[in-house]
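For reference, the structure discussed in these notes is given below.
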Amino acid sequence: MNRIDQDQNSEAANASAFWRHPRFAEMSLLKARFTRHRYALHTHETYVIALITQGCEKLRVGRRRDIAPAGTIILVNPEECHDGEAGAEGGWAYRVFYPPVALMTEVATELGLGEAPLFHRSCIDDPELAAAILAAHQVAESGNAADAEALLLAALERLILGYGDRRARSTSDRSSGAKQRLPIYERLVDEEMSNPLTLAEFARAAGVNRFQVIRDFKWLTGLTPGSYIRNHRIREASRLIAKGADLAGAAAAAGFADQSHLTRVFRGIVGVTPGEFRAGIVDGKDPRS
C-alpha cells in the first residue's frame, strides 16, 4: 500500500491509497486528498462511512445536497446514489470505510437489532464519533489487526445506536459477569500465546458477543483487548529473557512476528530494548555504561 503524499503546499496534488482492513478482509478502506477530482453519480453495494479530515466536500446523497467541512461524517447506504467534488478552493481530504452489508448486519445483530441499519442523515457533526472513526481508520492503516477490530466495532456501535433507524431492544449491565469472564480471557491468551487472537475467539470462549468482550476489558483493565494481549506477551518475553532465552526465541515464544517486532513493542511498554533489559537483568551490567 502506497502512502499518501502529505505535502499540503501543492494544492494541485491529488493522492489516494486503497487497501483491505487487516481484520475484516471483505472491507475496503480509502484515504485520499482531492483538489480537482469530481465523482460522477454512482452507487456501492456496501455502506460508505467517510470522515472529512481537511478542506470541504460538496456532495449529493440520494436527493439530499450537502456541504461537508472538515470534521463531518458522511453516511451513504448501500445502493444509494451519490457524488462528490471540492466544496471550496483547495479541495478536500478524507478517510473512508466501505463495510459490506453482511458485516453491518452482523454488528447490528450483536447490538440487539434485527437487521442492518438504515441511515437517514447523510452528514453528521459529532466530534466524539468523528474521533472514534479517525482512530479506527488510522490503526487499520498501521496494520494492527487486533486494535483495528476493536476500534472499528466501538465506532460502529456508537454510529448504529446513535444514527441508525432502529434502537437496540434491550441494554444489559455492561459490567455484569466481567470478573467471572476475565480468567477465561487470561487462559485463552496463555494457551494461544504464539497465535493471533480475534475478538470472536474471546467471545466464543466466554459465551458473550464481541462488544461485551471490549467492555469487559475496558471495565476491568482499562485496556483494549489488543493492548492487553501485547502487555501479556511482553511479560512473557521478559520472563523468558530473564531466564536466559535468546531474544529471537523469546520473541517467537511470546507471539511476536520477529525480534524487531518484539523490540518495538518492548521499548514502548518497558522503556528499554530487550537487549538493554537482558544486559541489566541477566548480565548485571550497569545501565549507565
Side-chain angles (χ1 to χ4, degrees), residues 21-25 27 97 99 103-104 106-113 128-162 168 170-239 251 253-257 261-262 264-271:
H21 193 276
R23 180 69 81 200
F24 303 105
M27 181 171 61
F97 288 104
L103 175 60
M104 294 293 277
E106 179 184 350
V107 172
T109 299
E110 288 193 46
L111 291 172
L113 299 168
E128 291 187 1
L129 177 57
I133 291 173
L134 177 61
H137 204 281
Q138 288 175 327
V139 173
E141 183 182 13
S142 75
N144 185 323
D147 282 350
E149 179 185 22
L151 289 171
L152 176 63
L153 290 176
L156 290 179
E157 178 183 26
R158 181 186 290 269
L159 173 66
I160 292 171
L161 294 182
S170 63
T171 302
S172 61
D173 180 2
R174 295 193 172 194
S175 64
S176 176
K179 289 183 179 179
Q180 287 70 36
R181 288 188 288 271
L182 184 60
I184 299 175
Y185 302 145
E186 291 175 335
R187 184 166 60 251
L188 185 61
V189 173
D190 286 336
E191 292 174 351
E192 302 294 333
M193 183 67 69
S194 60
N195 298 314
L197 282 170
T198 67
L199 289 176
E201 289 172 305
F202 281 117
R204 283 195 297 269
V208 295
N209 63 42
R210 293 175 296 179
F211 295 99
Q212 189 62 58
V213 172
I214 296 171
R215 293 170 187 143
D216 286 348
F217 275 97
K218 183 177 181 180
W219 188 71
L220 291 171
T221 71
L223 300 172
T224 66
S227 296
Y228 177 87
I229 291 170
R230 284 194 299 277
N231 193 66
H232 201 78
R233 287 175 172 167
I234 285 296
R235 291 184 183 181
E236 176 64 10
S238 300
R239 184 185 68 80
F256 293 94
H261 183 203
L262 169 64
R264 290 194 303 273
V265 179
F266 198 98
R267 188 166 191 172
I269 292 177
V270 182

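Keep in mind it's a predicted model, so treat the numbers as computed, not measured. What's counted below: heavy atoms across the whole structure, side chains too, no hydrogens, waters or symmetry copies.
Considering only heavy atoms from C-beta on, Phe202 stays 4.5 Å or farther from Ile184 through its side chain. Using a 4.5 Å cut-off on side-chain heavy atoms (C-beta onward), Phe256 and Phe266 make no contact. Residues Leu197 and Tyr185 are not in side-chain contact: their nearest non-hydrogen atoms beyond the backbone lie 4.5 Å or more apart. Counting heavy atoms from C-beta outward, Glu157 and Val107 have side chains that stay 4.5 Å or more apart. Proximity of His21 to Leu152: side-chain heavy atoms (C-beta onward) are separated by under 4.5 Å at one or more points. Looking at Gln212 and Arg181, their side chains come closer than 4.5 Å, going by heavy atoms from C-beta outward. Here the side chains of Pro225 and Leu199 are in contact, with some heavy-atom distance below 4.5 Å. Counting heavy atoms from C-beta on, the side chains of Asp190 and His232 come closer than 4.5 Å.
Across Phe217 and Thr224, no two heavy atoms sit closer than the pair CB-C, 4.4 Å. Nearest heavy-atom pair, Leu103 versus Pro99, reported as atom, atom and distance to 0.1 Å: CD2-CB, 4.3 Å. Heavy-atom minimum distance, Asp147 versus Gly226: OD1-CA, 3.3 Å. Heavy-atom minimum distance, Pro22 versus Ala140: CD-O, 3.5 Å.
At a threshold of 4.0 Å, the pair Glu236-Arg233 does not count as salt-bridged, since none of the basic side-chain nitrogens sits closer than that to a carboxylate oxygen. The pair Arg210-Glu201 does not count as a salt bridge, with every side-chain nitrogen at least 4.0 angstrom from each carboxylate oxygen.
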Working for side chain to side chain contact (heavy atoms under 4.5 Å, CB included), residues Leu182 and Asp216: CA-CA 8 Å; Leu182 184 60; Asp216 286 348; over 6 Å; no
Evaluation steps, side chain to side chain contact (heavy atoms under 4.5 Å, CB included), between Ile269 and Val265: CA-CA 6 Å; Ile269 292 177; Val265 179; 4.0 Å; yes
Steps toward salt bridge (Lys or Arg N to Asp or Glu O under 4.0 Å) verdict (Arg187, Glu192): CA-CA 9 Å; Arg187 184 166 60 251; Glu192 302 294 333; over 6 Å; no
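Taken from CG in Leu159 to CE in Met104, the straight-line distance is 6.0 Å, to the nearest 0.5 Å. Once rounded to the nearest 0.5 Å, the distance linking CG of Leu156 with CG of Leu161 reads 10.5 Å. Remark: Lys218 NZ to Ile214 CD1 distance equals 10.0 Å, nearest 0.5 Å. Separation of atoms CG (Leu153) and CD1 (Ile160) is listed at 9.5 Å; rounding is to 0.5 Å.
Put simply, the side chain of His137 never gets that close to the backbone of Ile133: no donor and acceptor are under 3.5 Å apart. At least one donor-acceptor pair closer than 3.5 Å links the side chain of Asn209 to the backbone N or O of Glu110.
A donor atom on one side chain and an acceptor atom on the other are found under 3.5 Å apart for Ser227 and Arg230.
Under a cut-off of 6.0 angstrom, the local environment of CZ in Arg239 is crowded, with over 12 non-hydrogen atoms contributed by other residues, nucleotides or ligands.
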